[in-house]
Student: 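Quick one: this structure, given as structure tokens, is what I'll be asking you about.
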Amino acid sequence: MTDPASPGGPVSPTAASPAASSAGASSPAASSAGASSPAASSPAASSPAAASPAASSAGAASPAFEASHDAVHVIATREEYLDAVAAIAAGHGPVAVDAERASGYRYSQRAYLIQVFRRGAGAFLFDPIPIGDFSELQDAIVDEEWLFHAASQDLPCLQEVGLVPTRIFDTELGARIAGFPRVGLGAVVEQLLGITLAKAHSAADWSTRPLPQSWLVYAALDVELLPDLRDALAATLEEAGKSRIAEEEFAAVLTRAPKPPKAEPWRRLSGMHALRGTRALAIARALWTARDAYARETDIAPGRTIPDSAIVAAAAANPASKGELSGVKAFTGRASRSELDRWWAAVEDGRTTEDLPRLRGTGEATLPPPRAWADRNPAADRRYKAARAAVVQRAEELDLPVENLLTPDTLRTVSWEPPAPIATETVGAVLAAHDARPWQVEETASIIAHAFVAAAQEPAAESNTES
């Protein structure tokens, strides 16, 4: 077992109990607010209260926890940013990182606020737009363990500003592996640290300037609590014998390839099923394309210009003039009238194009839904049902969500077209080729192979019974 502040394994608990450290005056988080803290004298730092957030709770939940937090300052100049980087570099232990976007408000998924906390340094909230280049921070913490809650949500926008971790501990993913019933940050913090957090600003428009102080406190707490949470969760995983599982899953987050873009994203419009005929589909496609271009140009979420329902209504109406388009009652939205010329041009394009879409999309190369397997591939259906039951049982034994033991897509793929011959080794090779981690292969390859063999014997057994 190694101290998490050391460069040891990413899921090693500390020698002392996390609960004990959070209640004592020597709590690592508490020291970040002390007079000797590099961040304490810096106006750039948002230091926690005189004791750490965990220390102030002493194991008891407090509905007004955020109200006791110190005022939070946002770093928006290069000079303050460089001072903060120096303080963070002088801190110790893993580095907690979070980012806030404006999903649902803006077209881009860029970060509008980046939060960093490190024991011995304090919490720092950066406005990435005026700061721009984060290479100094990257250089200062690249070799450290970075702490996240749901890292996959933040990694893309952090990468845009040059912040790329090499080693992480994800408390959301760790909570799933530990078998927690709820894995949101508030739920995990309450379960392990006894602190109740208000999550009132999780869906806020973080592109707002200036950011309200209550939002900034919320953002600071998102990182201030992560080191204590990491320690408590690491201890839980170690006790459950799941440290290796967590290590492999955390590493996989960093190497997972992004999903390829949809071939025909316009077909995902809500209400598309109500459209009849290829001409209506062509109008919907043209309006979706025009809306996407306008949303990208203005950095506004597409649904905040004209909603899906407006596009579908216009496509169904097939208006013959701009006036008729304007008269479509359901053609609403903030930009429905201010950009009417743009929308009418799209409708005209859809009404006149000879490149008509298919009634049904070609879609990506996917397997048929399992409910159709009994008719289309009975042998695969038997394999899948037998293997699914075995994997579900193993997940229950390990106290893991079944999708974390093996993704449904992977199980369906190997069930539809199994290797030949069917054996633990050949099934394991297929699983690994579909990005199953070594621990997943070890836990599932044998039971899947046995399930496939048993499923293949079912028809013969039924035939013998009938005879």
Student: Between Glu145 and Arg230, is a salt bridge (Lys or Arg N to Asp or Glu O under 4.0 Å) present by the stated rule, with each step listed?
Tutor: CA-CA 11 Å; Glu145 177 185 85; Arg230 176 247 187 262; 2.8 Å; yes
Student: Which heavy atom of Ala140 sits nearest to which heavy atom of Ala89, and what is that distance?
Tutor: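 Shortest heavy-atom separation between Ala140 and Ala89 comes out as CB-CB, 4.1 Å.
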Student: Side chains of Leu137 and Ile88: does their closest heavy-atom pair fall under 4.5 Å?
Tutor: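 Of all side-chain heavy-atom pairs linking Ile88 with Leu137, at least one is under 4.5 Å.
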Student: Looking at Glu144, is its backbone amide N or carbonyl O close enough to the side chain of Arg167 to form a donor-acceptor pair, meaning the two atoms are under 3.5 Å apart?
Tutor: no
Student: Can you tell me which residue pairs pass the salt bridge (charged side-chain N to carboxylate O under 4.0 Å, His left out) test with a partner in residues 297-315, sequence neighbours excluded?
Tutor: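 Matches after skipping sequence neighbours: Arg291-Asp308, Glu297-Arg342.
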Student: Work out which heavy atom in Tyr294 is nearest to a heavy atom in Ala335; give both atom names and the distance.
Tutor: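 Answer, listing the atom of Tyr294 first, then Ala335: CE2-CB, 3.9 Å.
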Student: May I ask you to test the Val72-Gln213 pair for a side-chain heavy-atom distance under 4.5 Å?
Tutor: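 Yes, close enough: below the 4.5 Å cut-off.
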Student: With a 4.5 Å cut-off on side-chain heavy atoms, are Thr77 and Pro130 touching?
Tutor: no
Student: Using a distance-only test with no angle check, is there a side-chain donor-acceptor pair under 3.5 angstrom linking His434 and Thr410?
Tutor: no
Student: Considering residues, nucleotides and ligands other than Glu79, do more than 12 of their heavy atoms fall under 6.0 Å from its CD?
Tutor: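 Incorrect, the count does not exceed 12.
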Student: Could you please spell out the steps behind the salt bridge (Lys or Arg N to Asp or Glu O under 4.0 Å) verdict for Glu264 and Arg285?
Tutor: CA-CA 9 Å; Glu264 296 179 300; Arg285 179 182 63 187; 5.8 Å; no
Student: Tell me whether Arg244 is salt-bridged to Glu442, with the criterion being a basic N under 4.0 Å from an acidic carboxylate O.
Tutor: yes
Student: Is there a ring pair (Phe, Tyr, Trp, His ring centres under 6.0 Å) between Phe124 and Phe117 once you walk through the steps?
Tutor: CA-CA 6 Å; Phe124 301 85; Phe117 175 83; 8.7 Å; no
Student: Looking only at non-hydrogen atoms, find the nearest pair between Pro307 and Gly333 and report the distance.
Tutor: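 Heavy atoms of Pro307 and Gly333 come nearest at CD-CA, 3.9 Å.
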Student: Please tell me if the side chains of Leu406 and Ile448 come closer than 4.5 Å, counting only heavy atoms from C-beta onward.
Tutor: yes
Student: Could you check whether atom CD of Glu239 has more than 12 heavy atoms from other residues, nucleotides or ligands sitting under 6.0 Å from it?
Tutor: no
Student: Cut-off 3.5 Å, side chains only: do Ser103 and Gln109 have a donor facing an acceptor?
Tutor: yes
Student: Applying the ring-ring contact (aromatic ring centres under 6.0 Å, His included) test to Trp206, which of Tyr105, Trp215, Tyr112 qualifies?
Tutor: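 For Trp206, the ring-ring contact (aromatic ring centres under 6.0 Å, His included) test succeeds with only one of Tyr105, Trp215, Tyr112, which is Trp215.
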Student: Considering only residues two or more places apart or on different chains, which pairs with a residue in residues 91-113 satisfy salt bridge (charged side-chain N to carboxylate O under 4.0 Å, His left out)?
Tutor: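 Checked against salt bridge (charged side-chain N to carboxylate O under 4.0 Å, His left out) - neighbours excluded - the pairs reaching residues 91-113 are Arg101-Asp154.
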Student: Minimum heavy-atom separation for Val253 to Ala151, with atom names?
Tutor: CG1-CB, 4.2 Å
Student: Assess whether a salt bridge exists between Asp228 and Arg119, defined as any Lys/Arg side-chain N lying under 4.0 Å from an Asp/Glu carboxylate O.
Tutor: yes
Student: Under the 3.5 angstrom rule, does the side chain of Thr171 hit a backbone N or O of Leu229 as a donor-acceptor pair?
Tutor: no
Student: Measuring from Thr298:OG1 to Glu339:CD, what's the distance to the nearest 0.5 Å?
Tutor: 8.0 Å
Student: Between Ala436 and Gln440, which heavy-atom pair has the shortest distance, and what is it?
Tutor: CA-OE1, 3.3 Å
Student: Counting C-beta onward and ignoring hydrogens, is there a side-chain heavy-atom pair between Met272 and Leu281 closer than 4.5 Å?
Tutor: yes
Student: Does any non-hydrogen side-chain atom of Leu163 lie less than 4.5 Å from one of Val97?
Tutor: no
Student: Could you tell me whether the side chain of Glu248 and the main chain of Trp439 form a donor-acceptor pair under 3.5 Å?
Tutor: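 A pair under 3.5 Å: yes.
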Student: Taking C-beta and beyond as the side chain, do Leu197 and Tyr218 meet within less than 4.5 Å on heavy atoms?
Tutor: no
Student: Could you tell me whether Glu403 atom CD has more than 12 heavy atoms of other residues or ligands within 6.0 Å of it?
Tutor: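 Yes, CD of Glu403 has more than 12 neighbouring heavy atoms, counting only those of other groups under 6.0 Å.
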Student: So does Trp416 get a backbone contact from the side chain of Trp373, meaning a donor-acceptor N/O pair under 3.5 Å?
Tutor: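 Checked: no pair found.
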Student: Show the nearest heavy-atom pair for residues Leu221 and His69, with the distance to one decimal.
Tutor: CD2-CD2, 3.7 Å
Student: Test: salt bridge (charged side-chain N to carboxylate O under 4.0 Å, His left out). Region: residues 121-139. Which pairs qualify, not counting sequence neighbours?
Tutor: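 Sorted result for residues 121-139: Arg78-Glu136, Asp127-Arg209.
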Student: Whether the side chain of His149 engages the backbone of Glu172 through a donor-acceptor N/O pair (distance < 3.5 Å, no angle test) should be reported.
Tutor: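 Yes; judged by distance alone, with no hydrogens or angles, the pair exists.
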Student: Ignoring hydrogens and geometry, is there a side-chain-to-backbone donor-acceptor pair from Thr166 to Val142 under 3.5 Å?
Tutor: yes
Student: May I ask you to test the Trp266-Asp292 pair for a side-chain heavy-atom distance under 4.5 Å?
Tutor: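 When only atoms from C-beta onward are counted, Asp292 and Trp266 do not touch, as no gap falls below 4.5 Å.
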Student: How are the rings of Phe169 and Phe250 set relative to one another: parallel (under 30°), tilted (30 to 60°) or perpendicular (over 60°)?
Tutor: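 Because their plane-to-plane angle lies in the 30° to 60° range, the rings of Phe169 and Phe250 count as tilted.
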